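In what follows, a structure is listed as structure tokens, so that the remarks can point back to it.
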Amino acid sequence: MSYPYQIKSFEGYKEAYEQSVKNPEGFWADIASHFHWRRRWGSVLNWNFTEPKIEWFKGAKLNITENCLDRHLDDAGNRPAIIWEPNDPEEHHRVITYKDLYLKVCQFANVLKNNGVKKGDRVCIYMGMIPELAIAVLACARIGAIHSVVFGGFSAQSIADRLYDAQAEYIITCDGAYRGAKDIPLKSVIDDALIGNRTVKRVIVATRTRTAVSMIKGRDVWWEDEIKKVETLGMTDCPAEEMDAEDPLFILYTSGSTGKPKGVVHACAGYMIYTNYTFVNVFNYQPGEIHFCTADIGWITGHSYIVYGPLSAGGTSLMFEGVPTWPDAGRFWDIIDKYKVNILYTAPTAIRSLMGFGLGPLQGKKLDSLRILGTVGEPINEEAWHWYDEHIGKRKCPIVDTWWQTETGGVLISNLAGITPAKPSWATLPMPGVQPLLVDENGHEIPDDAADEHGIISGNLCIKAPWPSTIRTTYGDHERCRKNYFSTYPNLYFTGDGALRDADGNYRITGRVDDVLNVSGHRIGTAEVENAINMHAGVVESAVVGYPHDIKGQGIYAYVIYNGTHGDETLTRKDILQTVTRIIGAIAKPDKIQFVSGLPKTRSGKIMRRILRKIAEGETANLGDTTTLLDPGIVEEIKNGKL
Ligand code: WTA
């Protein structure tokens with residue numbers, strides 16, 4: 001495969017960018033012409049941000065899996081599509097060529113059909129990082145079913161909420177999943193999630209850990225048995241369903257500032273074009289290279305840069321089941337040497353955690369196959385950036401700092417590896433087709449001449465016009481989508497992030513300006529955590545804020561008013577953690593719980609999070625004006641009790 005739209009120089013980037021702004025339709029139509037369509041589009045783009053309505057390549061017919069699989073078979077059928085490295089380094093790895101993957105996806109797509117799954121049906125996928133997860137995702141796309149992958153760390157309650165919201169009728173899961181030294185009983189979590197559920201008709205269970213599971217007659221079936229059935233029926237091929245460009249491809253739930261996660265919906269054509277374009281350009285991907293994205297497919301990064309981006313580009317995607325620190329902190333480096341990985345794409349939190357082990361785990365590791373490094377998910381601090389550059393990239397690998405979101409589908413702001421300049425801890429320049437701007441609280445654009453003495457301006461990050469993989473809606477509730485992203489500032493997409501811009505137009509993301517935390521690169525809404533804490537019988541009220549954490553980026557600090565029968569504080573804390581684990585999942589457990597007798601509130605009853613945040617950050621000297629508080633005394637008490 002060649003990529004005629006791959007940018008080759010800084011000049012080339014500037015030209016592409018200018019083109020994309022002057023004539024977005026022509027720009028994207030050109031790129032789209034290199035894909036496989038059943039029918040071409042009528043119009044390239046129709047949009048307004050007021051409803052919002054965003055339509056790309058309207059009238060076109062396609063199937064994303066024909067672009068990810070079928071079209072590579074002639075030229076690259078024997079090329080590895082997915083290389084899978086198991087959790088345990090002693091276990092055999094798997095290499096799945098494009099031909100193999102095509103066959104497996106068709107086979108499993110037939111299993112889905114045989115189990116009654118039809119175009120438009122919602123299929124919840126709750127699996128560990130095994131190739132069957134990628135196969136399940138692609139098989140859904142093959143027959144036009146809408147996949148909704150739920151990260152394997154979420155609790156039964158979280159799954160139940162998502163099943164209900166999506167009205168999902170099918171689940172694909174595993175008996176269990178390996179993650180480091182742990183063995184997670186996924187099917188048993190699904191069983192809990194299904195207590196009282198009335199919509200789910202079928203649960204397909206793949207074998208991984210051979211953990212004991214309870215298979216319910218009439219509802220649960222084994223993946224392997226179902227494959228045998230379609231084989232016996234002689235169902236081998238599975239023609240791809242013809243999809244409209246704007247048909248939904250998937251739902252992915254993500255946290256916002258309200259208590260309830262939103263089902264972000266992406267559409268077939270735009271998502272395909274944009275993930276491919278950004279994969280090829282951000283990583284400067286060269287055919288044959290091995291791309292190792294360490295994310296889980298349960299998050300958007302895995303969707304876009306393990307599955308759809310690399311595969312639509314005919315690339316080789318390395319999929320890793322385990323964790324960076326097991327059996328030891330050299331695991332990533334061993335994998336890189338074992339497969340001669342060319343591109344490593346990981347999260348700052350992983351880098352910081354590995355940094356903490358010192359240089360020992362790097363002893364004897366060559367890492368000489370690496371050409372490009374990338375980061376995603378949270379701001380990277382300069383120390384971690386330099387460590388990554390020096391010890392992993394040996395100062396010869398460009399680092400791309402890629403800023404984007406579940407809602408944006410693909411990377412919006414990043415340097416292009418080796419093509420446009422990097423600037424440590426800056427995401428730098430927008431991708432072609434992306435028009436960012438910074439606004440003040442009132443939505444007024446901040447002009448360049450408002451810059452400080454270093455030439456830097458600061459504001460809330462918005463985007464002016466749609467790119468192909470803009471969020472289309474939030475599942476089942478379009479108004480929520482409008483309110484969340486398109487109503488804060490009229491006619492702009494609001495990212496929820498704050499940012500700086502320098503005189504060269506480089507962006508630096510400073511973090512969320514809404515009530516969303518970013519813990520180890522995972523998005524968690526403070527309201528969600530509060531709701532979970534408040535479920536605990538003894539809790540009266542709680543307020544959750546983020547605070548700087550050396551490894552996680554942000555830690556979760558909870559202030560809790562508790563009037564249960566106290567016994568012992570340590571035990572109560574454990575009870576609360578247990579509650580949060582049950583309601584959301586272990587990823588949302590607070591790092592610190594401070595018991596308080598009240599919370600700083602305004603006279604209208606609003607919690608002053610600004611004050612709580614400052615206290616959690618240890619910045620107690622300058623708390624600002626507290627005179628408007630209902631009970632200013634409470635601030636002293638909270639300050640004195642800080643953990
Ligand atoms: C943050 C992950 C700084 C940001 C792809 C955003 C980043 C949220 C970066 C989205 C980066 C992501 N630098 N911050 N390079 N990348 N973020 O939806 O706050 O899981 O809004 O998507 O992560 O998280 P999400």
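All ligand and atom numbering here is 1-based and tracks the order in the structure. Since this is a predicted model, take the numbers as computed values, not measurements.
At least one N or O atom of Arg523, backbone or side chain, sits closer than 3.5 Å to an N or O atom of ligand 1. Polar contact with ligand 1: present for Arg512 (N/O pair, distance under 3.5 Å). Geometrically, ligand 1 and Gln405 share a nitrogen or oxygen pair separated by less than 3.5 Å. Backbone and side-chain nitrogen or oxygen atoms of Asp401 are examined, and one is located within less than 3.5 angstrom of a nitrogen or oxygen of ligand 1. Ligand 1 has no nitrogen or oxygen under 3.5 angstrom from a nitrogen or oxygen of Ile509.
Less than 6.0 angstrom separates the ring centroid of Phe332 from the ring centroid of Phe292.
For Thr375, no heavy-atom contact with ligand 1 is shorter than 4.0 Å.
When Leu133, Val150, Thr173, Ile297 are each tested for a side chain to side chain contact (heavy atoms under 4.5 Å, CB included) with Ile125, only one passes: Leu133.
Side chains of Thr278 and Tyr305: a donor on one and an acceptor on the other come within 3.5 Å. In summary, the side chains of Asp401 and Trp385 do not present any donor paired with an acceptor at a separation below 3.5 Å, with no hydrogens or angles considered. Side-chain polar atoms of Tyr5 and Asn276 form a donor-acceptor pair below 3.5 angstrom.
Among Ile524, Leu517, Asp497, the residue whose heavy atom lies closest to atom 6 (C) of ligand 1 is Asp497. For atom 18 (O) of ligand 1, the candidate residues are Thr254, Val264, Ile300, Thr406; the nearest heavy-atom contact is made by Thr406.
Residues Ile587 and Phe154 are in side-chain contact: their nearest non-hydrogen atoms beyond the backbone lie under 4.5 Å apart.
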